[in-house]
Colleague: 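What follows is a structure written as structure tokens; I'll ask about it next.
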Amino acid sequence: MRKHNGTQLYGIQKFLTTLKMGMNKELKKLSLRQKLALNYVSKESKLTRIGNKIYTNTFTPYFPSRAYDRFLKGVIAISAGQPLPVVTNFAVTPQCPCHCWHCSFSDRSKKDVPTLEQLRKAIADVQDLGTSVIGLTGGEPLLRDDLEEITACIDKRSMPLLFTTGYKLTRQRVKDLKSAGLEIPVISLDHYKAEVHDKGRRKEGIFDYAVNAIRLFQDEGFYVAVSFVPDKPLVSDRQEIFKVIEFFRDIGINDMRLTSPILSGKLTTKPEERLSPENGQTIVEIQKKCTRTKGYPGVFAYDFFESEKYYGCGAGFNYMFIDSQGNVCPCDFTMLSFGNIFERPLQEIWAETSRHFRTPGPACYANISNDVIFSKKKAEWPLRKQATLEILDECPSYDERRLPEFYKRMGFPLNKS
């Protein structure tokens, strides 16, 4: 068993740390009801201390930091009805050594790779909009020789994340990424058996790359997360999926993004891959067990947090994805776009996007809209502006009668949206 980096906070330690975090200047303007609303969702996450940094999950900048202050300011703004891309992911390359069974990027162009200067400007633009968490994804970002320079473009207003398979990662590159400012690596890992992970990722040896990457990042003192995408048979086998979770615990993972299959990319025409309600209960059980049990990784399970009971879906409202062609999309999985940053100013595109995604949705919009989006499919994703408008007319991104619980408790102004 490999000990994870940092100390998980429980009991009086967690209480005192939460109290300290709650004294942030951005929270002073909130009512007691709103502070209780924040606690309603934050209690479902772990706190981990590494050095003088407190980590909550991969969606929240560490405390204390300038990015954390901006994150709180952004959460307060969106709770008041003001759309803002608190989290933005960039696909810095479409190229990848894997051909994953669930890949959401499979229908997009594989030839367009943005330049460093294009990314530098785009990163500055999203930071100016208020983004406090920036994820670098792909494809496989490690295929870019200038990844360290891209990471260094992200100033202290935002926390940088890297999504990677670990492909051919070296110790020196980990050191270079740390020097460039990388804060959290998120490594794709779906099983404790190499042959199962390799088969799902359609790349022999990718399990070994992933495990090696985890160790290298741990050796450099990182808060290390995994991106875990279990298929329906695995979630249906309770004994087996809990073995996977125990494996993550045993190799010292700090955090886990548990992403259930989303009907996008390779899964666009495969509704049978969607989890059943019973499967959903297993995901909730994993979320609860890991959060409450010392030693297990923290968990951000999308099925749990994107449900109506918590945050709901923030696609196009508090979240934005920019693909390697420059298309601005509501999220990585929703194949819609109001424009391209190489053709129009990002601020204009975001303003138009957020006018149509002006309220958080009750569930994952990519899954809700899948059939309608596929019916409009062109030669290449994402759909352009006119088709996007047609989709939204037919399948609205939100339902004012089903506002997610967090926003209800925060007093979200539906009549002003």
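Note that the coordinates shown come from a computational prediction; the quantities given were computed from them, not determined experimentally.
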Colleague: Is the number of heavy atoms from other residues, nucleotides or ligands within 6.0 Å of NZ (Lys35) greater than 12?
Modeller: yes

Colleague: Are Arg409 and Glu405 ion-paired here, with the side-chain N under 4.0 Å from a carboxylate O?
Modeller: yes

Colleague: Examine distances only and state if a side-chain atom of Asn340 and a backbone atom of Gln325 form a donor-acceptor pair shorter than 3.5 Å.
Modeller: yes

Colleague: Treating Arg70 as the side-chain partner and Arg157 as the backbone partner, does any N or O pair qualify as donor plus acceptor under 3.5 Å?
Modeller: yes

Colleague: Quick one: which of Leu129, Val328, Thr353 gives a side chain to side chain contact (heavy atoms under 4.5 Å, CB included) with Pro85?
Modeller: Leu129

Colleague: Atom NZ of residue position Lys309 - does it have more than 12 heavy atoms of other residues, nucleotides or ligands inside 6.0 Å?
Modeller: no

Colleague: Hey, mind stepping through Thr60 and Asn57 against side chain to side chain donor-acceptor pair (under 3.5 Å) and telling me if it holds?
Modeller: CA-CA 6 Å; Thr60 306; Asn57 54 46; 2.9 Å; yes

Colleague: With a 4.5 Å cut-off on side-chain heavy atoms, are Phe90 and Leu119 touching?
Modeller: yes

Colleague: What are the two closest heavy atoms between Phe304 and Lys288, and how far apart are they?
Modeller: CE1-CE, 3.9 Å

Colleague: Using distance alone, with no hydrogens and no angle criterion, decide if Tyr223 and Asp255 have a side-chain donor and acceptor under 3.5 Å apart.
Modeller: yes

Colleague: Any heavy-atom pair between the side chains of Val87 and Asn318 that's under 4.5 Å?
Modeller: no

Colleague: Without hydrogens or angle criteria, can the side chains of Thr88 and Thr131 be said to hold a donor-acceptor pair below 3.5 Å?
Modeller: yes

Colleague: Verify whether one side chain among Glu44 and Thr291 offers a donor that lies under 3.5 Å from an acceptor in the other.
Modeller: no

Colleague: Is the terminal nitrogen or CZ of Arg384 (NZ for Lys, CZ for Arg) located under 6.0 angstrom from the six-membered ring centre of Phe338 and within 45° of that ring's axis?
Modeller: no

Colleague: Side-chain donor-acceptor pair under 3.5 Å between Tyr55 and Glu183, yes or no?
Modeller: yes

Colleague: Under 4.0 Å between a Lys/Arg side-chain N and an Asp/Glu carboxylate O for Lys73 and Glu26?
Modeller: no

Colleague: Would you say Lys232 has more than 12 foreign heavy atoms packed within less than 6.0 Å of its NZ?
Modeller: yes

Colleague: Hey, does the side chain of Ser375 reach the backbone of Val372 with a donor-acceptor pair shorter than 3.5 angstrom?
Modeller: yes

Colleague: Tell me, do Ser397 and Tyr365 make a side-chain contact under 4.5 Å, heavy atoms counted?
Modeller: yes

Colleague: Does Lys46 reach the main-chain N or O of Arg292 with its side chain, forming a donor-acceptor pair under 3.5 Å?
Modeller: no

Colleague: Which of these, Ile206, Val211, Asp208, Thr165, sits in a side chain to side chain contact (heavy atoms under 4.5 Å, CB included) with His197?
Modeller: Ile206

Colleague: Regarding Glu140 and Thr164, is there a side-chain donor-to-acceptor distance under 3.5 Å anywhere?
Modeller: yes

Colleague: Using a 4.5 Å cut-off on heavy atoms from C-beta on, say whether the side chain of Ser324 contacts that of Val113.
Modeller: no

Colleague: Are any of the side-chain heavy atoms of Ile54 and Thr48 separated by less than 4.5 Å?
Modeller: no

Colleague: Which distance, rounded to the nearest 0.5 Å, do you find between the OH of Tyr398 and the NE2 of His356?
Modeller: 9.5 Å

Colleague: Would you compute the distance between atom CD of Glu390 and atom CD1 of Ile373 and round it to the nearest 0.5 angstrom?
Modeller: 12.5 Å

Colleague: Is there a side-chain contact between Ser65 and Phe71, using heavy atoms and a 4.5 Å cut-off?
Modeller: no

Colleague: Would you check if the side chain of Gln118 reaches a backbone N or O of Thr115 as a donor-acceptor pair within less than 3.5 Å?
Modeller: yes

Colleague: Would you say Ser79's side chain and Val75's backbone share a donor-acceptor pair under 3.5 angstrom?
Modeller: yes

Colleague: Any donor and acceptor pair, going by atom type alone, linking the side chain of Thr334 with main-chain N or O of Cys331 inside 3.5 Å?
Modeller: no

Colleague: Side chains of Lys294 and Gln8: donor-acceptor distance under 3.5 Å anywhere?
Modeller: no

Colleague: Using only heavy-atom distances, determine whether the side chains of Asp303 and Ser260 contain a donor-acceptor pair under 3.5 Å.
Modeller: yes

Colleague: For Val299 and Ile286, which heavy atoms make the closest approach, and how far apart are they?
Modeller: CG2-O, 4.5 Å

Colleague: For the residue pair Asn5 / Asn254, report whether a side-chain donor-acceptor contact shorter than 3.5 Å exists.
Modeller: no

Colleague: In this structure, are over 12 heavy atoms from other groups packed under 6.0 Å from Phe342 atom CZ?
Modeller: yes

Colleague: Write down the atom of Tyr296, the atom of Ile245, and the distance for their closest heavy-atom approach.
Modeller: CD2-CG2, 3.8 Å

Colleague: Can a side-chain donor-acceptor contact be found between Ser276 and Glu278 if the only test is distance below 3.5 angstrom?
Modeller: yes

Colleague: Quick one: does any side-chain atom of Glu220 pair with a main-chain N or O of Lys175 as donor and acceptor, under 3.5 Å?
Modeller: no

Colleague: May I ask you to check whether Phe300 and Tyr302 place their ring centres under 6.0 Å from each other?
Modeller: yes

Colleague: Is the ring centre of Phe406 less than 6.0 Å from the ring centre of Tyr310?
Modeller: no

Colleague: Less than 4.5 Å apart, side chain to side chain, heavy atoms only: is that true for Phe63 and Lys53?
Modeller: no

Colleague: Do NZ/NE/NH1/NH2 and the carboxylate oxygens of Glu149 and Arg144 come within less than 4.0 Å?
Modeller: no

Colleague: Would you call Arg201 and Asp190 a salt bridge, taking side-chain N to carboxylate O under 4.0 Å as the test?
Modeller: yes

Colleague: Let's go through Asp332 and Ser104 carefully: what are the C-alpha distance in whole Å and the side-chain angles of both, what is the deciding distance for side chain to side chain donor-acceptor pair (under 3.5 Å) to 0.1 Å, and is it a yes or a no?
Modeller: CA-CA 7 Å; Asp332 310 44; Ser104 63; over 6 Å; no

Colleague: So does Glu204 pair up with Lys199, basic N to acidic O under 4.0 Å?
Modeller: no

Colleague: Atom CZ in Arg402, atom OG1 in Thr359: separation rounded to 0.5 Å?
Modeller: 13.5 Å

Colleague: For a quick check under 3.5 Å, do Gln127 and Asp155 share a side-chain donor-acceptor pair by atom type?
Modeller: yes

Colleague: Under 6.0 Å from the NZ atom of Lys178, do we count more than 12 heavy atoms belonging to anything else shown?
Modeller: yes

Colleague: Is the NZ atom of Lys168 crowded by more than 12 outside heavy atoms at less than 6.0 Å?
Modeller: no

Colleague: So, taking the atom named CG in Leu346 and the one named CD1 in Ile123, what distance separates them when rounded to the nearest 0.5 Å?
Modeller: 12.0 Å

Colleague: Taking atom CZ of Arg215 as the centre, report whether more than 12 heavy atoms of other residues, nucleotides or ligands fall under 6.0 Å from it.
Modeller: no

Colleague: Does any donor atom in the side chain of Asn279 or Thr282 lie under 3.5 Å from an acceptor atom in the other side chain?
Modeller: no

Colleague: Check the side chains of Tyr319 and Asn89 for a donor-acceptor pair under 3.5 angstrom, ignoring hydrogens and angles.
Modeller: yes

Colleague: Can you confirm whether Thr137 sits close enough to Val186 that some side-chain heavy atom of one is under 4.5 Å from a side-chain heavy atom of the other?
Modeller: no

